[in-house]
Amino acid sequence: MRVVSLVPSLTEAVAATRPEVLVGATDWCTHPAGLDVARVGGTKFPDLDRVLALAPDLVLLNEEENRLADAEALRAAGVEVRVTFPRTVPEALDQLGTLVAALGAPADPPWLRAACRAWAAPPAPARVRTAVVPVWRRPWVVLGRDTFAGDVLRRLGVVNAWATDPERYPRPTLDRLRERSPELVVLPDEPYRFTADDGPEAFGGVPSVLVSGRHLTWYGPSLAEAPELLAAQLATPV
């Protein structure tokens, strides 16, 4: 089998399960460290000629990260495409289990079993807090409805203040964000790299926490350590 992954979290999952089948990945596939496979460009605009030149049996995509046009072009070229789109932790674990089986793994790998255990009993929060969760600024973009990251936070005691918005990624003004009177501001380090000096200052006296974007938004081996790591970060305001 020859697999090309256009999804960073799935690249990590394949590399941790059957590394010998992974022949290509995007420039944004940063895990595992030292991954030595052909690079095929970005997630939004991969070089499809490079992908096809690798003669893949399977290409992995995500409905949110990748473009429908690329999936259709690959299918038209006779390549099998697998598209994922989890919006909850259970959906992510189920889709990862299906992927592992498609890769021909004889059983669930240790990382997937560890992830299932970790999310079966995540750390209990001291209290439930309502938060805004920006993922970009200039303009501000926040988590809205039906997002995987929003479900991750909910299971750790953080309720997304924009979870009922019609949009999955609303673009409210900063004044509108402040009007929601959040108890917490959750600032990941990707896709926008929020820092202690870039983000918290916009929200005045509202407590802000910096969290790992990979553990908040990736679904793969990082899920095994995400509950403990994120719980600790959520408990540590800037």
Between Thr43 and Asn66, does the side chain to side chain contact (heavy atoms under 4.5 Å, CB included) criterion hold? Intermediate values first, please.
CA-CA 6 Å; Thr43 55; Asn66 308 114; 3.8 Å; yes
Before you tell me yes or no, could you show the steps for Asp189 and Leu210 under side chain to side chain contact (heavy atoms under 4.5 Å, CB included), namely the whole-Å CA-CA distance, both residues' side-chain angles and the distance that decides it to 0.1 Å?
CA-CA 7 Å; Asp189 60 9; Leu210 301 174; over 6 Å; no
Could you go through residues 222-238 and list every donor-acceptor pair under 3.5 Å that involves a side-chain atom there, pairing it with any protein atom two or more places apart or in another chain?
residue: Glu225; atom: OE2; partner: His215; partner atom: NE2; Å: 2.6
residue: Gln233; atom: OE1; partner: Ser212; partner atom: N; Å: 3.0
residue: Thr236; atom: OG1; partner: Ala232; partner atom: O; Å: 2.8

Can you give the donor-acceptor pairs under 3.5 Å from side chains of residues 48-57 to other protein atoms, not counting sequence neighbours?
residue: Arg50; atom: NE; partner: Asp47; partner atom: OD2; Å: 3.3
residue: Arg50; atom: NH1; partner: Arg39; partner atom: O; Å: 2.9
residue: Asp57; atom: OD2; partner: Arg2; partner atom: N; Å: 2.7

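Scanning both residues, Asp70 and Lys44, for their nearest heavy atoms gives OD2-O, 3.5 Å. Nearest heavy-atom pair, Pro182 versus Leu177, reported as atom, atom and distance to 0.1 Å: CD-O, 3.7 Å. Of all heavy-atom pairs between Pro188 and Gly213, the closest is CB-CA, 4.0 Å. Considering all non-hydrogen atoms of both residues, Thr11 and Ser5 come closest at OG1-OG, 2.7 Å. Nearest heavy-atom pair, Leu143 versus Ala149, reported as atom, atom and distance to 0.1 Å: CD1-CB, 3.6 Å. Here the closest non-hydrogen pair linking Pro122 and Ala120 is CD-C, 3.7 Å.
A side-chain donor-acceptor contact under 3.5 Å links Arg180 to the backbone of Ala161. Proximity of a side-chain donor or acceptor of Arg168 to a complementary backbone N or O of Asp146 within less than 3.5 Å is detected.
Annotation: salt bridge (Lys or Arg N to Asp or Glu O under 4.0 Å) contacts of Glu183 (sequence neighbours excluded): Arg127. Every residue two or more places apart in sequence or in another chain that forms a salt bridge (Lys or Arg N to Asp or Glu O under 4.0 Å) with Arg154 is listed here: Asp151. For Glu72, there are no side chain to side chain donor-acceptor pair (under 3.5 Å) partners at least two apart in sequence or on another chain. Residues passing the side chain to side chain donor-acceptor pair (under 3.5 Å) test with Ser9: none are found, sequence neighbours excluded. Scored by the salt bridge (Lys or Arg N to Asp or Glu O under 4.0 Å) test, Arg178 finds Asp175 as partners (sequence neighbours excluded). For the salt bridge (Lys or Arg N to Asp or Glu O under 4.0 Å) test, residues two or more places apart in sequence or in another chain that qualify with Asp198 are Arg137.
Put simply, CD on Glu12 and CG on Leu22 are 11.5 Å apart, with the number rounded to the nearest 0.5 Å. Note that CG of Leu99 is 9.5 Å distant from CG of Leu112, once rounded to the nearest 0.5 Å. Separation of atoms OG1 (Thr130) and CG (Asn160) is listed at 9.0 Å; rounding is to 0.5 Å. From Leu93, atom CG reaches atom SG of Cys116 across 4.5 Å, with rounding to the nearest 0.5 Å. Note that CZ of Phe148 is 10.0 Å distant from CG of Leu153, once rounded to the nearest 0.5 Å.
Cluster annotation: Leu58 is connected to Val21 through the hydrophobic network of ILVMFWY side chains, with a link wherever side-chain heavy atoms come within less than 4.5 Å. Under a hydrophobic clustering in which Ile, Leu, Val, Met, Phe, Trp and Tyr are joined whenever their side-chain heavy atoms come within less than 4.5 Å, directly or via other members, Val79 and Val3 fall into different clusters. Under a hydrophobic-cluster definition in which Ile, Leu, Val, Met, Phe, Trp and Tyr are linked whenever side-chain heavy atoms come within less than 4.5 Å, directly or via other members, Val40 and Val81 are assigned to the same cluster. Leu10 and Val4 end up in different hydrophobic clusters when Ile, Leu, Val, Met, Phe, Trp and Tyr side chains are linked at under 4.5 Å. Under the 4.5 Å side-chain heavy-atom criterion for grouping Ile, Leu, Val, Met, Phe, Trp and Tyr, Val158 is connected to Val141 within one hydrophobic cluster.
Within the structure, the side chain to side chain donor-acceptor pair (under 3.5 Å) test picks out the following pairs touching residues 75-104 (sequence neighbours left out): Thr84-Tyr219. Residue pairs meeting the side chain to side chain donor-acceptor pair (under 3.5 Å) criterion with at least one partner in residues 26-36, sequence neighbours excluded, do not occur; the list is empty. Screening residues 153-204 for ring-ring contact (aromatic ring centres under 6.0 Å, His included) gives Trp136-Tyr192, Trp140-Phe203, Tyr192-Phe194 as the qualifying pairs, with residues at least two apart or on separate chains. Screening residues 110-125 for side chain to side chain donor-acceptor pair (under 3.5 Å) gives Thr17-Trp111 as the qualifying pairs, with residues at least two apart or on separate chains.
Within 6.0 Å of CZ on Arg171 lie no more than 12 heavy atoms contributed by other residues, nucleotides or ligands.
Residues Pro172 and Glu167 are not in side-chain contact: their nearest non-hydrogen atoms beyond the backbone lie 4.5 Å or more apart.
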